[in-house]
Amino acid sequence: MYQTFEVTIQNHIAHVQFNRPEKANALNQQAWDEMKTLFEAADADPEVRVIVLSGAGKHFCAGIDLALLMDVGRISGANCEGRKREKLLQIIQGLQNSVSALEKCRKPVLAAIHNGCIGAGVDIIAACDMRYCTEETWFTIREIDMGMVADLGTLQRLPKIIPDGIAREMAFTGRKMKGAEALSVGLVNRAFPDSEKMIQGVMEIAAEIAAKSPLSIRGSKEMLNYTRDHSVAESLQYMAVWNAAMLLSDDLTKAFQASLTQKPPVFEN
């Protein structure tokens, strides 16, 4: 179905893999388009309750394919400079929308990161709900070494995940942050010894999430994202309205009954 991703769904967990290992999972235009499509599809699929994002091959993601970046730099087709700039704006916003599709997806997205997470790879993992890596993983905001400003979400999301000064240091220097440091500053939830243990561990966390009330998980993600971008007072008001609409659900009854019977609840998709 997808040319640049491998997608499998089992036990309510969608495992999404970047699948251009011969290009270190660098993202060409097709990959950007497919990423938006598949996360929108996962959002709409009632069978999917949680998503694990990983990369096939040696690296997690090498960022934007340089051939695509060069094509963007050679915008043509209009003599008017204003129309060229308008086209460039549309291209950038289109790529931003592909990254934002992970954040807008109502299901939690867990990134399982190994080896290189470079440039746009950092944009992507910053849009995930949780991040996990191996001890050998390294992260770099490579755009500064290419003479450009990271424009797909890293500079907007990363300072809300890690200390502002660390985010600025990475953005200004392009230095590599290894797995141990990523754990210490809160970029990742956990650093595993190797990829096999990481995937196993992340899948166990995903399975635990998938066993919870799907309606409550979706609501929790909505509230967490809203709270990040709004005041406490605004977020409490939204929370009150949300639960006034969603609290009295079948999931609430099933969870209550399960606590009485000491049997795991079985929720509808």
Side-chain angles (χ1 to χ4, degrees), residues 1-28 31-32 34-35 38-39 42 48-65 98-99 101-103 105 107-142 154 157-158 161-162 166 170 174-211:
M1 182 178 180
Y2 299 105
Q3 299 298 313
T4 61
F5 288 87
E6 183 74 26
V7 181
T8 58
I9 300 173
Q10 189 173 7
N11 298 324
H12 303 298
I13 301 170
H15 187 185
V16 176
Q17 272 195 312
F18 296 113
N19 194 30
R20 299 187 78 211
E22 73 285 356
K23 297 290 186 179
N25 293 323
L27 304 179
N28 58 9
W32 288 107
E34 288 188 347
M35 184 165 65
L38 73 87
F39 275 95
V48 175
R49 299 184 183 182
V50 60
I51 302 160
V52 173
L53 176 64
S54 67
K58 184 177 180 180
H59 295 288
F60 172 76
C61 180
I64 194 168
D65 191 301
S98 293
V99 175
L102 284 72
E103 187 173 75
C105 178
K107 288 64 180 288
V109 182
L110 285 60
I113 311 154
H114 74 288
N115 286 352
C117 181
I118 304 162
V122 179
D123 291 301
I124 291 166
I125 60 110
C128 295
D129 294 279
M130 292 107 84
R131 290 153 292 277
Y132 303 86
C133 72
T134 66
E135 294 171 356
E136 296 304 313
T137 299
W138 48 278
F139 305 84
T140 177
I141 303 174
R142 184 59 58 81
T154 287
R157 295 186 175 101
L158 201 61
I161 299 171
I162 66 175
I166 301 297
M170 292 181 69
R175 73 170 179 86
K176 294 181 180 180
M177 174 184 284
K178 297 293 290 290
E181 184 184 0
L183 178 62
S184 71
V185 300
L187 179 57
V188 299
N189 292 36
R190 184 175 172 186
F192 292 84
D194 55 55
S195 294
E196 184 178 349
K197 288 184 173 62
M198 176 182 65
I199 291 296
Q200 180 182 349
V202 173
M203 285 296 181
E204 288 174 358
I205 296 167
E208 186 173 358
I209 295 172

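If you read the sequence from its start, that first residue is 1, and numbering goes on from there.
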Are there more than 12 heavy atoms of other residues, nucleotides or ligands under 6.0 Å from atom CZ of Arg175? yes
Under 3.5 Å, side chain of Asn28 to main-chain N/O of Asp65, donor-acceptor pair present? no
With rounding to the nearest 0.5 Å, note down the distance linking CZ in Arg157 to CD1 in Ile125. 11.0 Å
Which of parallel (below 30°), tilted (30 to 60°) and perpendicular (above 60°) describes Phe192 and Tyr132? tilted
Contact summary for Ile51 and Lys107, nearest pair of heavy atoms: CD1-CB, 4.3 Å
Nearest 0.5 Å please: distance from the OG atom of Ser195 over to the CD1 atom of Ile113. 11.0 Å
Non-hydrogen atoms of Ala206 and Val52 that approach each other most closely: CB-CG2, 3.8 Å
Do the side chains of Phe60 and Leu53 get nearer than 4.5 Å, heavy atoms only? yes
Within the structure provided, determine whether Thr140 and Met170 are in side-chain contact (heavy-atom separation under 4.5 Å). no
Looking only at heavy atoms, which two atoms of Phe139 and Cys133 are closest? And how far apart? CZ-CB, 4.1 Å
Candidate pair Thr8 and Gln17, rule side chain to side chain contact (heavy atoms under 4.5 Å, CB included), full reasoning: CA-CA 9 Å; Thr8 58; Gln17 272 195 312; over 6 Å; no
Side-chain donor/acceptor of Asn11 to backbone N/O of Ile13, under 3.5 Å: no
About how many Å separate CD1 of Ile141 and CE of Met177, when rounded to the nearest 0.5 Å? 8.5 Å
On a heavy-atom basis, the closest approach of Ala26 and Arg20 is O-NH1, 2.7 Å
How long is the straight-line distance from CZ of Arg131 back to OG1 of Thr137, given to the nearest 0.5 Å? 13.5 Å
Quick check: closest heavy atoms across Ile209 and Pro108, and the distance to 0.1 Å? CG2-CG, 4.1 Å
Indicate yes or no for a side-chain donor-acceptor contact from His114 to the backbone of Lys58 under 3.5 Å, with no hydrogens or angles considered. yes
Over all atoms of both residues, closest heavy-atom pair of Ile199 and Ala112: CD1-CB, 3.9 Å
How are the rings of His59 and Trp138 set to each other: parallel, tilted or perpendicular (split at 30° and 60°)? perpendicular
For a side chain to side chain contact (heavy atoms under 4.5 Å, CB included) check, start with the C-alpha distance between Met130 and Ile205, then their side-chain angles and the critical distance, and finish with the verdict. CA-CA 10 Å; Met130 292 107 84; Ile205 296 167; 4.3 Å; yes
CG on Leu102 to SG on Cys128, rounded to 0.5 Å: 5.0 Å
Is the number of heavy atoms from other residues, nucleotides or ligands within 6.0 Å of NZ (Lys23) greater than 12? no
Does the pair Tyr2 and Asn19 meet the rule for a side chain to side chain contact (heavy atoms under 4.5 Å, CB included), with working shown? CA-CA 9 Å; Tyr2 299 105; Asn19 194 30; over 6 Å; no
Gln10, CD: over 12 other non-hydrogen atoms inside 6.0 angstrom: no
Is the shortest heavy-atom distance from the side chain of Leu158 to the side chain of Leu187 under 4.5 Å? yes
Return yes when atom CD of Glu135 has more than 12 non-hydrogen atoms of other residues, nucleotides or ligands closer than 6.0 Å, and no otherwise. yes
Mind running side-chain hydrogen bond (donor to acceptor under 3.5 Å, both in side chains) on Thr154 and Asp123 for me, showing each step along the way? CA-CA 5 Å; Thr154 287; Asp123 291 301; 2.7 Å; yes
Using only atom types and a distance under 3.5 Å, with no angle test, would you say the side chain of Arg49 pairs donor to acceptor with the backbone of Ala210? yes
To the closest 0.5 Å, what do you measure between CG (Leu183) and CD (Glu181)? 10.5 Å
Under 3.5 Å: donor-acceptor pair, side chain of Glu34, backbone of Thr4: yes
Between Ser54 and His15, do the side chains contain an N or O donor and an N or O acceptor separated by less than 3.5 Å? yes
